2 protein chains.
Amino acid sequence: MTVSTPVSAVFPDQAFTAGCPTREVLDHVMSRWAPLVLASLADAEPLRWTELRRRADGISEKMLAQTLKRLERDGLVRRDAKPVVPPHVEYSLTSTGRELTDHLVPLLSWIAHNAETILAGPPA
Amino acid sequence: MTVSTPVSAVFPDQAFTAGCPTREVLDHVMSRWAPLVLASLADAEPLRWTELRRRADGISEKMLAQTLKRLERDGLVRRDAKPVVPPHVEYSLTSTGRELTDHLVPLLSWIAHNAETILAGPPA
DNA sequence: CAGGATCCAGCCTGATACTG
DNA sequence: CAGTATCAGGCTGGATCCTG
């Protein structure tokens, strides 16, 4: 590891250098499943475990649990467990989580609309 | 794999289901290093290999090569090699890549400004 | 319904060496 | 300078089975 220039001058100094808090959050948010889980919640809060599994198509139970726990620890997602039988648990966005999805959803939307073009490769 | 509801009704139908083009692009763009490489280029185009390695702090040569190749195949990054000795290669964003970073950079910027708060965890 | 525990394959990384 | 090739090792993620 070397002393290095931050990724961008528009970001705070020391942003996105290896091992710094910024990078850790980036890795959480940009992980394989977090964007899909966050976007699902942004679209339809609150959601239950089973519904989240359906929306984040292809996710395993392990990864859903891991992703949700991390997002909950990060204060981006709130978990509400109602003490009934059978269990009833609801997941929703915190206000911080909502701020995040306000930036994330437009990005995903752009990707959705341009995916075909992108996979077609460079113009020539 | 099951027939499932798309992640969000605001996206085109069939968006972000497992194995669809949208998901593939998502995985490219949200991979571990692509966001940092794209943001670096958005901040200072064009950039050379060595400078990219410095900005995407912690990236290995293998991962830089892999990330750049994939972004180039996707038509998001352009590679310009000038036939001189020693070699001089410049990387820059395509117009599509610039569209992408227009959405990506605000997201990274938000993360940079909120990282400390996020890692502090939920309010209580 | 909502997870926890476990095992295994594959990817990423790091180090090193080599090329045009 | 700008990469490519190779190999060992750790960690991530996926599949499966089990539980309150």
Side-chain angles (χ1 to χ4, degrees), chain A residues 1-2 4-5 16-19 23-37 40-41 45-74 77-92, chain B residues 1-2 4-5 16-19 23-24 26-37 40-41 45-73 77-92:
Chain A
M1 184 189 327
T2 57
S4 65
T5 306
F16 299 111
T17 52
R23 273 289 272 285
E24 196 177 334
V25 174
L26 182 67
D27 287 344
H28 291 188
V29 171
M30 307 287 248
S31 64
R32 184 163 180 68
W33 298 107
L36 290 177
V37 168
S40 298
L41 289 172
E45 280 180 291
L47 287 174
R48 302 180 61 181
W49 172 276
T50 306
E51 183 60 17
L52 275 168
R53 278 212 71 186
R54 210 166 323 162
R55 299 208 170 214
D57 188 39
I59 195 173
S60 66
E61 300 196 336
K62 178 182 169 181
M63 282 299 99
L64 179 55
Q66 194 175 110
T67 302
L68 283 173
K69 269 188 195 157
R70 203 159 55 177
L71 293 175
E72 197 191 343
R73 273 202 309 275
D74 288 347
V77 164
R78 181 175 36 250
R79 178 181 186 274
D80 291 314
K82 315 196 186 247
V84 295
V85 197
H88 185 98
V89 182
E90 290 185 345
Y91 294 91
S92 48
Chain B
M1 181 192 329
T2 57
S4 64
T5 306
F16 299 110
T17 51
R23 273 288 273 285
E24 196 179 334
L26 182 68
D27 287 344
H28 291 187
V29 171
M30 306 288 246
S31 64
R32 183 163 180 69
W33 297 108
L36 291 177
V37 168
S40 298
L41 289 172
E45 276 181 294
L47 287 174
R48 303 180 61 181
W49 171 275
T50 306
E51 183 61 18
L52 275 169
R53 277 212 70 185
R54 212 167 321 165
R55 299 208 171 214
D57 188 38
I59 196 173
S60 66
E61 299 197 337
K62 181 179 169 183
M63 282 299 102
L64 179 55
Q66 193 174 114
T67 302
L68 283 173
K69 269 186 197 161
R70 202 159 55 178
L71 293 175
E72 199 191 343
R73 273 201 309 273
V77 164
R78 180 175 36 250
R79 178 181 187 276
D80 291 313
K82 315 197 186 248
V84 296
V85 198
H88 186 99
V89 181
E90 291 184 344
Y91 293 92
S92 48

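In what follows, every chain begins at residue 1, and chains take the letters A, B, ... in the order their sequences are listed. These numbers come from a predicted model, not from an experiment.
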Kindly list each side-chain donor-acceptor pair under 3.5 angstrom involving residues 58-67 of chain B, sequence neighbours excluded, with atom names and distances?
{"unit_1": "Ser60(B)", "atom_1": "OG", "unit_2": "Met63(B)", "atom_2": "N", "d": "3.2"}
{"unit_1": "Glu61(B)", "atom_1": "OE2", "unit_2": "Arg53(B)", "atom_2": "NH1", "d": "3.2"}
{"unit_1": "Thr67(B)", "atom_1": "OG1", "unit_2": "Met63(B)", "atom_2": "O", "d": "2.7"}

Checklist outcome for this item: One would report the end-axis bend of the helix from dC1(C)-dG20(D) to dG20(C)-dC1(D), five pairs per end and rounded to 10 degrees, as 50°
Checklist entry - For the atom pair CG (Leu41(A)) and CD (Glu51(A)), what is the distance rounded to the nearest 0.5 Å? => result 10.5 Å
Distance-only check: which donor-acceptor pairs under 3.5 Å involve side-chain atoms of residues 77-90 of chain A, not counting sequence neighbours?
{"unit_1": "Arg78(A)", "atom_1": "NH2", "unit_2": "Leu93(A)", "atom_2": "O", "d": "3.3"}
{"unit_1": "Arg79(A)", "atom_1": "NE", "unit_2": "Tyr91(A)", "atom_2": "OH", "d": "3.4"}
{"unit_1": "His88(A)", "atom_1": "ND1", "unit_2": "Arg48(A)", "atom_2": "NH1", "d": "3.1"}
{"unit_1": "His88(A)", "atom_1": "ND1", "unit_2": "Arg48(A)", "atom_2": "NH2", "d": "3.3"}
{"unit_1": "His88(A)", "atom_1": "NE2", "unit_2": "Glu90(A)", "atom_2": "OE2", "d": "3.4"}

Might you list the N or O atoms of the protein lying below 3.5 Å from N or O atoms in nucleotides 3-6 of chain D, with each pair's distance?
{"unit_1": "dG3(D)", "atom_1": "OP1", "unit_2": "Arg79(B)", "atom_2": "NE", "d": "3.4"}
{"unit_1": "dG3(D)", "atom_1": "OP1", "unit_2": "Arg79(B)", "atom_2": "NH2", "d": "2.8"}
{"unit_1": "dG3(D)", "atom_1": "OP1", "unit_2": "Tyr91(B)", "atom_2": "OH", "d": "3.3"}
{"unit_1": "dG3(D)", "atom_1": "OP2", "unit_2": "Tyr91(B)", "atom_2": "OH", "d": "2.5"}
{"unit_1": "dT4(D)", "atom_1": "OP1", "unit_2": "Lys69(B)", "atom_2": "NZ", "d": "3.1"}
{"unit_1": "dT4(D)", "atom_1": "O4", "unit_2": "Glu61(B)", "atom_2": "OE1", "d": "3.2"}

Next on the checklist: Test of understanding: with salt bridge (charged side-chain N to carboxylate O under 4.0 Å, His left out), list the residues that count as partners of Arg32(B), not counting sequence neighbours.
Outcome noted: Asp27(A)
To the nearest Å, give me how far apart [atom1] ([X]) and [atom2] ([N]) are.
{"X": "Arg53(A)", "N": "dT16(D)", "atom1": "CZ", "atom2": "P", "value": "11 Å"}
{"X": "Met30(B)", "N": "dT12(D)", "atom1": "CE", "atom2": "P", "value": "19 Å"}
{"X": "Arg32(B)", "N": "dC11(D)", "atom1": "CZ", "atom2": "P", "value": "13 Å"}
{"X": "Leu64(B)", "N": "dA2(D)", "atom1": "CG", "atom2": "P", "value": "11 Å"}

Checklist outcome for this item: Heavy-atom closest pair (Ser31(A) atom, Pro35(A) atom, distance to 0.1 Å) is O-CD, 2.9 Å
Checklist outcome for this item: Correct closest heavy-atom pair for Ser40(B) and Leu47(B) would be O-CD1, 3.5 Å
Checklist outcome for this item: Under a 4.0 Å heavy-atom criterion, DNA chain C is touched by chain A from dC1(C) to dC7(C)
Next on the checklist: Assuming nearest nucleotide by heavy-atom distance, tell me which of Pro87(A) and Gly58(A) is located more 5' along DNA chain D.
Outcome noted: Gly58(A)
Next on the checklist: For Asp57(A), is there any backbone N or O sitting under 3.5 Å from a side-chain donor or acceptor partner on Arg23(B)?
Outcome noted: yes
Item to check | Residues Glu72(B) and Lys69(B) bridged, charged N to O under 4.0 Å | outcome: no
Checklist entry - Are the side chains of Asp74(A) and Val25(A) in touch, meaning some heavy atoms are under 4.5 Å apart? => result no
Next on the checklist: Is Gln66(A) close enough to dG13(D) that one of its side-chain N or O atoms is under 4.0 Å from OP1 or OP2 there?
Outcome noted: yes
